[in-house]
Amino acid sequence: MKYLDEYRQRASIEQLAAEITRITSKPWRIMEVCGGQTHAIVKFGLQQFLPDDIELIHGPGCPVCVTSLEMIDRAIAIASRPDVILCSFGDMLRVPGTERDLLSVKAAGGDIRTLYSPLHALTVAEQNPDRQIVLFAIGFETTAPAHALTVRLARERGLENFSLLVSHFLVPPAIETICASGASRVQGFLAAGHVCTITGYKHYQPLADHYRVPIVVTGFEPLDILEGILMCVRQLEQGCHRIENQYSRAVAPDGNHTARAMLEEVFTISDQQWRGVGQIANSGLELSAAYADFDAQKRFSLPASAHQDTSGCISGAIMQGLQKPADCPHFGDRCRPEHPLGAPMVSSEGACAAYFRYCARSTANEH
Amino acid sequence: MCLGVPGRIETILDTTPLERSARVSFGGIRREINLCYVPEAEVGDYVIVHVGFAISRVREEQARQIFQELERLAELEHSRGKSE
Ligand code: SF4
């Protein structure tokens with residue numbers, strides 16, 4: 001797309017950065033909520049264009065990173081059954097469970113298939129009528145509509161050998177948890193643009209009012225992120241705390257009506273366990289009563305998991321913006337992308353993986 | 001996995017509402033994409049695609065926003081330069 005090529009132009013980046021520098025009069029700390037934004041910030045080295053007074057704090061918006069240890073253990077238990085084909089996004093295979101990961105189940109003969117689209121799991125179910133097909137349905141509001149339509153179609157097609165292991169997360173309760181924590185250092189937020197394509201952003205207003213934080217819905221290109229930061233700093237400097245929409249080319253105030261209606265039909269809001277963080281009230285989705293037959297947790301009797309993460313991974317503190325990857329004693333040492341100790345080292349949207357990949361490379365370039 | 005990528009709708013392949021789908025081009029790489037959530041999107045439109053689903057139609061008018069901001073900054077710069 002023509003705009004997107006232009007977005008990468010360095011001159012424009014420098015122009016926006018210069019304006020941010022011009023208006024910044026004191027230190028501000030801004031959290032980008034989405035892992036996709038973290039990835040872009042680290043990849044394009046955006047922090048280096050900003051004045052020292054602006055600190056970017058990386059947020060909890062990577063579903064691979066926040067899916068709980070218990071849920072990974074459940075996926076491993078299901079995938080280990082000989083009658084099951086587990087369908088998953090590829091990143092999930094290397095996330096450590098208590099004792100092993102899905103990749104080791106696959107290596108031991110488990111039938112695990114990585115998909116581009118959840119809809120492909122329906123084809124797998126149709127082609128394997130004598131097997132149980134389980135879709136490991138993880139994600140934020142962005143991904144939930146894809147899973148909702150998939151299960152809706154499964155019901156229409158009468159697929160009895162299909163179910164979902166649902167691990168869905170909602171962003172606003174996580175932002176609220178960060179704001180409410182006494183330890184929070186965050187003064188303004190860049191909200192996740194693609195989450196808001198679905199949900200819109202009006203429901204962020206009470207958060208902005210109550211915690212007096214500006215929230216700017218922001219896209220993912222380097223220029224989007226810098227413009228989002230500029231809008232956020234302008235508000236901070238003026239003492240404002242409004243919701244603004246930097247990503248208006250893709251996000252409408254009310255979001256996507258068709259998708260929201262489908263979510264309401266298929267899911268209900270539930271409490272949710274976030275890896276490293278703990279339980280957050282009303283921060284997840286589970287299948288509604290009408291779709292309960294498709295819930296893999298009800299279909300398979302699963303061992304109760306009360307395991308503790310003993311790896312020493314500090315992902316919870318990183319996800320809440322309290323620490324950075326380099327603060328972790330295992331970073332780049334015991335924990336590397338080829339043998340991750342924690343989930344943020346797995347996904348390319350995880351802060352640890354992004355730092356490892358791009359910061360290691362830029363240091364190498366200096367030599 | 002959470003990425004959304006813009007692509008251009010080339011051909012509508014299926015028109016049943018829940019399974020409305022299209023061939024979408026991402027800079028020349030083509031994939032079949034579900035259009036259930038963008039009923040208004042037509043051939044030629046850009047859509048943001050996430051895990052095989054179009055989740056939003058890109059609005060061209062708003063896409064110019066950043067360039068307007070940059071132009072505004074350039075003008076400000078210019079007028080500041082003059083007044084000094
Ligand atoms: S470096 Fe590894 S162990 Fe440390 S916080 Fe990141 S993922 Fe966890």
Side-chain angles (χ1 to χ4, degrees), chain A residues 1-4 6-7 11-12 15-16 18-19 34-36 39 61-64 89-92 115-120 138-140 142-143 145-147 149 152-153 156 192-195 197-198 220-221 223-224 226-227 230 246-252 255-256 258-259 262 347-349, chain B residues 1-9 14 16-21 24-41 44-78 80:
Chain A
M1 180 172 192
K2 137 173 160 303
Y3 304 109
L4 297 177
E6 290 172 52
Y7 278 10
S12 305
Q15 195 175 8
L16 280 172
E19 181 66 6
C34 175
H39 182 90
C62 161
V64 176
F89 294 119
D91 279 349
M92 295 311 284
L115 305 181
Y116 167 64
S117 163
L119 285 177
H120 295 162
I138 69 143
F140 283 92
T142 325
T143 319
H147 291 137
L149 182 64
R152 164 93 190 255
L153 288 173
E156 280 190 11
H194 290 146
V195 164
T197 61
I198 306 297
F220 298 83
E221 292 290 326
L223 274 193
D224 286 326
L226 286 178
E227 192 183 34
L230 175 59
Q246 182 279 327
Y247 200 36
S248 61
R249 66 183 185 278
V251 174
N256 183 322
T258 321
M262 185 71 83
S347 162
S348 63
E349 288 138 61
Chain B
M1 60 142 291
C2 223
L3 294 182
V5 184
R8 185 172 175 276
I9 298 179
D14 188 334
T16 41
L18 291 184
E19 297 186 63
R20 184 165 181 258
S21 67
V24 173
S25 168
F26 304 91
I29 297 161
R30 294 179 178 80
R31 276 186 186 272
E32 183 175 344
I33 299 301
N34 180 287
L35 298 185
C36 163
Y37 295 124
V38 287
E40 74 284 11
D45 285 342
Y46 281 90
V47 285
I48 306 280
V49 173
H50 171 68
V51 299
F53 287 72
I55 53 172
S56 175
R57 186 176 67 88
V58 177
R59 292 173 292 175
E60 294 274 330
E61 328 77 65
Q62 275 90 348
R64 296 171 205 283
Q65 177 182 320
I66 296 186
F67 299 103
Q68 283 163 0
E69 168 80 23
L70 289 169
E71 273 165 29
R72 216 173 56 83
L73 289 179
E75 275 166 30
L76 266 178
E77 195 68 34
H78 189 68
R80 271 202 301 273

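In what follows, chains are A, B, ... by sequence order, proteins preceding strands, each numbered from 1. Remember, it's a predicted structure, so these values are computed and weren't measured experimentally.
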[X] [atom1] to [Y] [atom2] distance, which is reported to the nearest 0.5 Å:
| X | Y | atom1 | atom2 | answer |
| --- | --- | --- | --- | --- |
| I66(B) | L223(A) | CD1 | CG | 5.0 Å |
| L119(A) | E32(B) | CG | CD | 9.0 Å |
| E19(A) | R72(B) | CD | CZ | 7.5 Å |

Can a donor-acceptor pair be found, under 3.5 Å and without considering hydrogens, that links the side chain of [X] to the backbone of [Y]?
| X | Y | value |
| --- | --- | --- |
| R59(B) | S248(A) | yes |
| S56(B) | A250(A) | yes |
| Q65(B) | Q246(A) | yes |
| Y37(B) | N256(A) | no |

Quick check: closest heavy atoms across [X] and [Y], and the distance to 0.1 Å?
| X | Y | answer |
| --- | --- | --- |
| E156(A) | L18(B) | OE2-CD1, 3.4 Å |
| T142(A) | H50(B) | O-CD2, 3.4 Å |
| S117(A) | G52(B) | CB-CA, 4.1 Å |
| C36(B) | T258(A) | O-CG2, 3.8 Å |

Checking R31(B) against chain A: side chain, backbone, both or neither under 4.5 Å from a heavy atom?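 Just the side chain, heavy atoms under 4.5 Å.
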
Given heavy-atom pairs under 4.5 angstrom as the criterion, report whether the side chain, backbone, both or neither of I48(B) touches chain A.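 Contact with chain A: side chain only.
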
Under 4.5 Å from a heavy atom of chain B, the part of [X] involved:
| X | answer |
| --- | --- |
| I198(A) | side chain |
| A18(A) | neither |
| L115(A) | neither |
| Q15(A) | both |

Pair H147(A)-V51(B), side-chain contact (heavy atoms from CB on, under 4.5 Å): steps then yes or no: CA-CA 10 Å; H147(A) 291 137; V51(B) 299; over 6 Å; no

Begin with the C-alpha distance, continue with both residues' side-chain angles, and end with the deciding distance and a verdict on side-chain contact (heavy atoms from CB on, under 4.5 Å) for F53(B) and L149(A). CA-CA 10 Å; F53(B) 287 72; L149(A) 182 64; 3.4 Å; yes

Going through the checks in order, is the side-chain contact (heavy atoms from CB on, under 4.5 Å) test met by L3(B) and H194(A)? CA-CA 8 Å; L3(B) 294 182; H194(A) 290 146; over 6 Å; no

